[in-house]
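A note on names: the letters A, B, ... follow the listed sequences, proteins ahead of strands, and every chain is numbered from 1. Just so you know, these numbers come straight off a predicted model, no measurement behind them.
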Amino acid sequence: DQQVKQNSPSLSVQEGRISILNCDYTNSMFDYFLWYKKYPAEGPTFLISISSIKDKNEDGRFTVFLNKSAKHLSLHIVPSQPGDSAVYFCAAFPLTGANSKLTFGKGITLSVRP
Amino acid sequence: EAGVAQSPRYKIIEKRQSVAFWCNPISGHATLYWYQQILGQGPKLLIQFQNNGVVDDSQLPKDRFSAERLKGVDSTLKIQPAKLEDSAVYLCASSLGTGLWGANVLTFGAGSRLTVL
């Protein structure tokens, strides 16, 4: 049962353009969402997060949008750079509950073409 | 600040053999996690420790997997006997705590890639 879904396995964009990575979730108890970035042969690294009380969070070139009613979030990278080429994981967790744990999606492989 | 250290980075074994992975978290991080990442999938939590106590091991195949964090610092994950489907990257991560804003910002190690033949 995939509670966090990243339905597009890959995305290719031109350098300088916008990259939009989508994520959907099914568990309405999730109220904190994170994006992790992973390069080959390295562990995932935290990129940006958003809580359910917000609909947007921005950090430099990275912006995450949250649509709670649609159970959808997206990561925008503007402008995209070749160094952004990596696998991006969407993750979510509920703040309440006995065993609050992070649930990851399958990841999206982003390729930024020079 | 030193990151999360894991060893070995790579291990190849035959099915039914045993293997152990070691993890040293970031100093001061009370919570330690072991994740399994199978190719093409997202990381799946195997076990979570808070200091040296187990918080969640609901997805750990306890008939073959075991993990310990005896002194509340470093941890070992063992698989015995290994099966072909255990081929994956085993990621260790740590965080300051649980259930708090920012506490689920995990810092991951580079992982230990296991191949079972």
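Contacts between residues 108-117 of chain B and chain A, counted as heavy-atom pairs separated by less than 4.5 Å, involve B/Phe108, B/Gly109, B/Ala110. Of residues 74-91 of chain B, those residues with a non-hydrogen atom less than 4.5 Å from any non-hydrogen atom of chain A are, in numerical order, B/Leu91. The stretch residues 4-17 of chain B places B/Arg9, B/Tyr10 near chain A, each with some heavy atom under 4.5 Å from a heavy atom of that chain.
Hydrophobic clustering (ILVMFWY, side-chain heavy atoms < 4.5 Å, transitive): A/Val4 and A/Leu110 are in one cluster. Clustering ILVMFWY residues whenever any of their side-chain heavy atoms sit less than 4.5 angstrom apart, transitively, puts A/Phe62 in the very cluster that holds A/Ile50. Both A/Leu73 and A/Tyr88 are part of a single hydrophobic cluster, where members link through side-chain heavy atoms under 4.5 Å apart. A/Leu21 and A/Ile48 end up in the same hydrophobic cluster when Ile, Leu, Val, Met, Phe, Trp and Tyr side chains are linked at under 4.5 Å. Residues A/Ile77 and A/Val13 share a hydrophobic cluster, clusters being chains of Ile/Leu/Val/Met/Phe/Trp/Tyr side chains in contact below 4.5 Å.
Of all non-hydrogen atoms in B/Gln37 and A/Phe89, the two that sit nearest each other are NE2-CZ, 3.2 Å. Of all the heavy atoms in B/Val105 and A/Phe46, the pair that sits closest is CG1-CG, 3.4 Å.
Once rounded to the nearest 0.5 Å, the distance linking CG of B/Leu45 with CZ of A/Phe104 reads 9.0 Å. For the atom pair CG (A/Leu102) and CD (B/Gln48), the distance works out to 9.5 Å, reported to the nearest 0.5 Å.
Looking at residues two or more places apart in sequence or on another chain, you find a salt bridge (charged side-chain N to carboxylate O under 4.0 Å, His left out) between B/Lys62 and B/Asp57.
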